[in-house]
> 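For reference, the structure I am asking about is given below.
It should be emphasised that the depicted structure is a prediction, and the values quoted were computed from it without experimental measurement. Values below: all heavy atoms of this structure, side chains included; hydrogens, waters and symmetry mates excluded.
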Amino acid sequence: MPKQTGFTAWYDRLISSFSIEDLFVRKRPPGPPRTIYINEPLPESYYDKKHRVLQEHQYASNQVITSKYTLITFLPRNLLEQYRRVANVFFTFIAILQFIPKFSTISPGLVILPLVVVLGVTAIKDAYEDIKRHQSDRVVNFSEVHTLDGGGYVNHNAMAPKSRTFVRALTKRIGREKPSRSNQALTNPTLPETLEKTTSPAASDTVDAEYDDDRVGDPSSGSRPHWKSTTWEDLRVGDFVKIFDHESIPADILICATSEDENVAFVETKNLDGETNLKSCNAVPALTHLRNAPACADATNTFRIDCDRPEVLMHKLVAAVTVGDETSPVDLQTTLLRGTVLRNTGWVIGIVMYTGLDTKLVLNSGGTPSKRGKVERQMNPMVLANLILLTTMAVVCGIIDSILEHHYYPRQAPWLFRDNRSGDNPSVNGLITLLFAFITFQNIVPISLYISIEAVRACQAAFIYFDVDMYYKKTDSPALARTFTLSDDLGQIEYVFSDKTGTLTQNMMVFRRASVGGQTYVDEEPEEVIGDVAKSPSSTPSGDVISSGSEAVTRQETANVVPEREELPSGVLRHFRSPQLAREIEAAAADTRSPDRDRHGQYWTTLALCHTVLAGVNRRTGLLEYKAQSPDESALVQAAADVGFEFQGRDRDVLLLRTPFAPEILRFRLLNILEFTSARKRMSIIVRQLGEGDQPGTHPILLLCKGADNVIFERLAPGGEELKTVTGDQLDMFAREGLRTLTLAYRVVPENEYDSWVERYRDAVASVNDREGEIERVSDEVEQNLLLLGATAIEDKLQDGVPEAIADLKRAGIKIWVLTGDKLETAIAIGKSTNLIGREANIIIIRGGREGASIYNQMLRATEEYFPNSNITEDPEVNAEALGARDDEMSRGSQLYPLRRVTTGATSLVGSMNGQRPGGYVLVIDGLALTEALKDEIHGHLLLRLATLCEGVVCCRVSPKQKALVVKLVKDGLDTMTLAIGDGANDVSMIQAADVGVGISGEEGLQAVNSSDYAIAQFRYLKRLLLVHGHWSYARNGNMINNFFYKNIICIGVLWWFMFYCAWSSAYVFEYTYLLWWNSFWTLCPVIAIGLFDRIVDDHVLMALPELYRYGREGKWFGVKLFSVFMFEGVMQSIVIYFILLYAYFSPSARNDGFDVAGYEFSTTMVISAAIAANLFNGLNTKFWTGWVFFAVFIGIVLIWAYTAIYSIISPGWFSTPIYGNDHFLFKSPIFWFGIPITFILALLPRYLYMAWSFGFHPNDLDILNWNYKLKPDMDLIHEAYLNKEQTEAEARIMDTTTPRSESPGLVGRPSMQGSHIDMSTGMRSQSRGYSFAQEENGAAMRRMQSNLSGAGPPLTTARRSRGSALLRSIRHPLRRKPHSGEPLKE
């Protein structure tokens, strides 16, 4: 969208850009670097002369406030927000003016009442919304956590005071009692559920305290070290805390020790990155001895933590722990961040490092914004223009009145008698006339306009709520408008920014296909089983299973569908069932010579062993569960278990596997792990099967590998071309079906080759220079000459209707960007399955944190290389010289991987414009690259240029703050309308930054909903919200506002033309009550009917033809041009009405008694004619006439006629009636009866003729559709509709790359062709079908496995072990089975 120019741009620059938040919100800089002292006093340098801790060593409190107002700031801040409306300033001025007796027309109280109502209703609505925020803040800040107390322990670190206001002090006093867990869940759904904690016997006798030592004594004394309950807001930096399973983390905490083996903790990070799978963390090795309260409180355990200043980047943390003379590094792997939830871990003891505003979650969240709709923002300069017109009219009246009085006073004009006093003379009277003119013409900006808009928008919010097509029956969730003022913005959206997990996907994986040796096996389990499995307790994120009562019986009864020993872990919806595969494996198990034995054995063994999944037994049910850091891996391992190849855990470097081909559990020695990275796109393990006594015997060394098809295929041994071709064709078929594919291969490594290779590998691991490069080079040596086993295909379960919704939104011309915390490969795979990335689209990848081209150079080269006609080098804001810049590393990279245009056999990848051939370009950029690209305006401008040239953008590994920055970049850089949609706390910043925020009430709680403007239950409802309700609301509101301005200008015009005949005295031509009721009774109903009932076209048409949305997206229904047209028509119609009737009544035949006409006689005719013209004109501009519209158009006409008849016969004895007896002359005059129809017909004739000509000779899409649908109601709109639109090239590109509605996304009947993946950091180009493979790179799970390998060195943690959780118990001893009924569970 081009930048605004002229008056509107001037207004936006000087007035609209004024920020209320800057006055009331203090911009707090990031907190200082800190040294946290544990069990020792602060150094003297931390104190001032009065022994008070210096401010730079005082840390932010853990109190977090998201509310906007307090009792002190509510009135001034809310009034300032409301007075951003220029009209409110004008209404206040007029009200104050009429409190002066000289200018009073009616009671000043009645004058100011409408303004008070408008301000009051808006203030009440804002107060209600903020009270809900206060309640949410209170629940969070008063949540409880266990902190160390007693035993002489003192935390010397200083904290800044908490915020104290009347509201928060009051809520703290009245709400100090501890809320129950159930009440917490009901009051604040954003808090995770909390399970009962198991404490020592001493704890049961003491309220809010837990003793975790083995001593027996009197706990009531409080002298012993213990854990006491403390509210979150009272938490301090340096406090020891003990977090229990299922509890939220209250601050950024350093892990000292955990209840698990190897001091591992598992956390759910969906509030930070949207991922529901568990992440693993581990304790700092130097602090693992701090396992209970006495150890933490021991004064001899002194140490300090040196931390850098709070960092907004989610993936960066720099700190160190110093114990004595030894220093241990601290990173995110040893830290629990605020907002995460502890899962599958009994307890964690940690130390608070960052609190409140310094935590990463809060640093990445924005303040609560004050949003104003685009229509309202556009209306302000129009109101200001009308005020300038009003001021001009008033000044003209005042000047001319003063000139005329100066002219006639010396001539003894009788109406100027005694106009020689200080307060009554020609000069002063001119000023008084000027002020009177403001009152006379005040309706040029009617206050009823704002009242009407608020009422109409409230009704439009109700329409959204009661729309059954957006009601989600499964969760009883209707669509909800939380902000009433943005309904018309929904009809103007150009960019949609969407989260992935929970918004587009369910983060649930289903194993659909297995290609084993060229044979495909299809999952044939009935779909209805998914519903049963999804409801099972094991499918919840916590993985806890109910084991008692009737539910356990139900589980036993359904064992034939979902066997108990195969309970699904978190992230898996169903078991893999293939009757053909089951028969083949059963036959192979019975026949040792069967060729299927080796084929299936190698394939499923690879799938069951090559991973980082943890196998465990649920402590309450005894059922086997898999816990993975991505749902992809757990689905793969679960599929192998479903077939019979059941991974049963690992005992340090020994992997346990149960297969249908052997009666005993097979044991494999894990020799090496070649890790997954996004660059390698594969993972390999080297294993050897163990025999009796764990001796290798004659079993060979095997390398098992899985990865992307293009990476695996180029490493296959020569031969086997038939299998390669068949598997490649199957991979193509899987990809066309929208499935995420993975290729499996293996090789036998000879002993001598392995011995020499492992030496080189150890040298590479110990290398100091370029360690990663050396490891990759050595790993690549052994990953050659692989034998292809087959492929897998996984479905990442999308939310219902997501691909269709995205395809239709793209047809509507809306650009969709996906902003996700997921890995790059996962984001690309989801983009393909959701229709965001077409199968033939070419993906431009911008990576950060790598050697090679800088981010700016990558973006510039991509723009120049693939969009040569963009003239990017001619842009003055682009540093074109960087295109030729090369540093040494980039030079080497460009020589290795020259970037060049290639052909795919169909047409060139690069055309004169993106989209002129199948495919197009999609930009994928990671979080590290975004950090660089958003650091200044130069980088941001180039990123925006590149992104707008692409048909889609995917941002991966982004933090919540980066999501908001990307939204702001587009919103401010393109001056366009944006919408953000998400379902988790990590989406709140993005939702608040966009013009319209939509929250989805999904698996991640209600955090996004609570911060959103609109709430829906499913992504697919966004289509109807925008295309129907948004388009309708925008068209209705725009038409209503234009007609509102028109109907007032026609009235003001008649008043103005009278100034020529009343000596510019600002007198009313109408009797005052006619003017008083103009905007309430005479002309209000038609514009309200437009706002409520008008339809540009029926809803099913808008849903069937998303292309019609362009009328709203391009701003066709409201703007300065339309406003000017309506204003001009109002002026012209007032001329017709006033002057025709004026000269008609000035004729000699006006009365039959010979007397001259009275002023109110001809002016009443004028006001009736003007009211009829205004109502019928509004009716002409209404597209959809219903009974209510008929009623609204004609009720005002009936009322003004009835009022004239009744008001004229009321005797002055009752009250002052200036037009008493007017009916005696008015209704007997032929001029009245002929003048009214003649004038309003002539006034409306131009508009009627224009509409008739447009409909007959130059119809638009809407006219054609409405007419054809009227003639043929049963027409097939999708195939028969004719859109006579002038498509822009961008729209044509969108249409070309959208999947036809009649075809499934995966079954397009065209030759198989895939786009390229172009990595701009290296210049590498590749083709991939998209693989379902995501692991935590260099994570705790991988490091733990590496440390357990033979000869790899000691573990990272201390030798002391706790009893351990069931999740890891299977590592040390064989798996326990759930006992049969009546059989005790064996240890």
> Can you say whether the rings of Y1143 and F1139 are parallel (under 30°), tilted (30 to 60°) or perpendicular (over 60°)?
parallel
> Restricting to non-hydrogen atoms, name the atom on V1193 and the atom on W1185 that form the minimum distance, rounded to 0.1 Å.
CG2-CH2, 3.8 Å
> Donor-acceptor pair, distance only, cut-off 3.5 Å: does the side chain of N1260 make one with the backbone of D1263?
yes
> ring-ring contact (aromatic ring centres under 6.0 Å, His included) with Y1248: which residues, sequence neighbours excluded?
none
> Kindly check if the number of other-residue, nucleotide or ligand heavy atoms within 6.0 Å of CZ (F93) is above 12?
yes
> Could you tell me whether the side chain of D1094 and the main chain of T1182 form a donor-acceptor pair under 3.5 Å?
no
> Quick one: side-chain hydrogen bond (donor to acceptor under 3.5 Å, both in side chains) partners of E405, sequence neighbours excluded?
N429
> Please name the pair of heavy atoms, one in T1083 and one in W1078, separated by the smallest distance, quoted to 0.1 Å.
OG1-O, 2.7 Å
> Using the rule given for side-chain contact (heavy atoms from CB on, under 4.5 Å), can you reason through L1176 versus F1194, listing the C-alpha separation, both sets of side-chain angles and the distance that settles it, and then say yes or no?
CA-CA 8 Å; L1176 294 180; F1194 292 103; 4.1 Å; yes
> Are V396 and W1056 side-chain neighbours, meaning at least one heavy-atom pair lies under 4.5 Å?
yes
> Does the side chain of F1045 come within less than 4.5 Å of M379's, by heavy atoms?
yes
> Could you tell me how the ring of H1031 sits relative to the ring of W1117: parallel (under 30°), tilted (30 to 60°) or perpendicular (over 60°)?
tilted
> Is there a side-chain contact between I432 and F436 in this structure, where contact means two heavy atoms from C-beta onward sitting under 4.5 Å apart?
yes
> Quick one: side chains of residues 112-119, donor-acceptor pairs under 3.5 Å with protein atoms, not counting sequence neighbours, listed by atom name and distance.
none

> Find the distance between CG (L1084) and CG (L449) and round it off to the nearest 0.5 Å.
10.5 Å
> Taking the side chain as every heavy atom from C-beta outward, state whether L97 and I439 have any pair of such atoms under 4.5 Å apart.
yes
> Has D1098 got a side-chain atom pairing as donor or acceptor with V1101's backbone, closer than 3.5 angstrom?
no
> Quick check for you: to the nearest 0.5 Å, what is the distance between M1166 atom CE and L1142 atom CG?
5.0 Å
> Would you say that L1075 contacts C1051 through its side chain, given a criterion of any heavy-atom pair below 4.5 Å between the two side chains?
yes
> With no hydrogens and no angle check, is any side-chain donor or acceptor of N1037 less than 3.5 Å from a backbone partner on I453?
no
> Here's one to test your reading of the geometry: is the NZ or CZ of R1247 within 45 degrees of the ring axis of F1126 and under 6.0 Å from its centre?
yes
> Report the residues that fulfil salt bridge (charged side-chain N to carboxylate O under 4.0 Å, His left out) with E376, sequence neighbours left out, ordered by chain and then residue number.
R85, R372
> Less than 4.5 Å apart, side chain to side chain, heavy atoms only: is that true for F1123 and I1041?
no
> So, H1224 versus S1208: side-chain donor-acceptor pair below 3.5 Å or not?
no
> Take the angle between the ring planes of F1093 and W1188 and call it parallel below 30°, perpendicular above 60°, tilted in between.
parallel
> For Y1138, which residues count as a side-chain hydrogen bond (donor to acceptor under 3.5 Å, both in side chains) partner, sequence neighbours excluded?
none
> Determine, using ring centers only, whether F1227 and F1232 are less than 6.0 Å apart.
yes
> So, taking the atom named OG1 in T433 and the one named CG in L404, what distance separates them when rounded to the nearest 0.5 Å?
10.0 Å
> N1079: what forms a side-chain hydrogen bond (donor to acceptor under 3.5 Å, both in side chains) with it, not counting sequence neighbours?
K1047, N1048
> Apply side-chain contact (heavy atoms from CB on, under 4.5 Å) to the pair Y1068 and S1163, showing each step before the final yes or no.
CA-CA 10 Å; Y1068 298 108; S1163 66; over 6 Å; no
> To the closest 0.5 Å, what do you measure between CG (L435) and SG (C397)?
11.5 Å
> Return yes if a side-chain donor-acceptor contact under 3.5 Å exists between D995 and Q492, otherwise no.
no
> Taking all heavy atoms of N1175 and all of A1192, pick out the closest pair and write down the distance.
OD1-O, 4.2 Å
> Who are the side-chain hydrogen bond (donor to acceptor under 3.5 Å, both in side chains) partners of S1066, not counting sequence neighbours?
none
> Give the minimum heavy-atom separation between S1065 and D401, together with the two atoms involved.
CA-OD1, 4.2 Å
> Going by salt bridge (charged side-chain N to carboxylate O under 4.0 Å, His left out), name the residues that satisfy it together with D1223, two or more places apart in sequence or in a different chain.
none
> With sequence neighbours excluded, tell me which residues meet side chain to side chain contact (heavy atoms under 4.5 Å, CB included) with V89.
Y83
> Would you say OH of Y1250 has more than 12 non-hydrogen atoms from neighbouring residues, nucleotides or ligands within 6.0 angstrom?
no
> Could you state the interatomic distance from CD (E1071) to CG (L1076), rounded to the nearest 0.5 Å?
9.0 Å
> Can you give the donor-acceptor pairs under 3.5 Å from side chains of residues 1195-1205 to other protein atoms, not counting sequence neighbours?
{"from": "Y1203", "atom 1": "OH", "to": "T1073", "atom 2": "OG1", "distance (Å)": "2.7"}
{"from": "T1204", "atom 1": "OG1", "to": "Y1074", "atom 2": "OH", "distance (Å)": "2.8"}
{"from": "T1204", "atom 1": "OG1", "to": "I1200", "atom 2": "O", "distance (Å)": "2.8"}

> Does some side-chain heavy atom of M393 sit less than 4.5 Å from a side-chain heavy atom of M1059?
no
> Students often mix this up, so state it plainly: with edges at 30° and 60°, are the rings of H1029 and W1032 parallel, tilted or perpendicular?
perpendicular
> Under the salt bridge (charged side-chain N to carboxylate O under 4.0 Å, His left out) test, which residues partner R457, sequence neighbours left out?
D488
> Take the angle between the ring planes of Y450 and F91 and call it parallel below 30°, perpendicular above 60°, tilted in between.
perpendicular
> Using the rule given for side-chain contact (heavy atoms from CB on, under 4.5 Å), can you reason through K1183 versus V1189, listing the C-alpha separation, both sets of side-chain angles and the distance that settles it, and then say yes or no?
CA-CA 10 Å; K1183 300 284 187 182; V1189 174; over 6 Å; no
> Assess whether atom OH of Y1072 is packed by more than 12 heavy atoms of other residues, nucleotides or ligands within 6.0 Å.
yes
> Tell me the closest heavy-atom pair linking A437 and L390, and the distance in Å.
O-CD1, 4.1 Å
> Without hydrogens or angle criteria, can the side chains of N1039 and N1181 be said to hold a donor-acceptor pair below 3.5 Å?
no
> If I compare all heavy atoms of A1171 with all of W1082, which pair ends up nearest, and what's the gap?
CB-CB, 4.4 Å
> Can a donor-acceptor pair be found between the side chains of N1222 and T1164 at a distance below 3.5 Å?
yes
> Go through it in stages, so that I can follow the logic: the residues are L1141 and S1169, the test is side-chain contact (heavy atoms from CB on, under 4.5 Å), and I'd like the CA-CA distance, side-chain angles, deciding distance and then a yes or no.
CA-CA 9 Å; L1141 291 177; S1169 178; 4.3 Å; yes
> Within this structure, what is the OG1-CD1 distance for the pair T1239 and I1135, rounded to the nearest 0.5 Å?
14.0 Å
> Check ring-ring contact (aromatic ring centres under 6.0 Å, His included) between F90 and all other residues, then give those that pass, not counting sequence neighbours.
none
> Can you tell me if NZ on K371 sees more than 12 non-hydrogen neighbours from other groups inside 6.0 Å?
yes
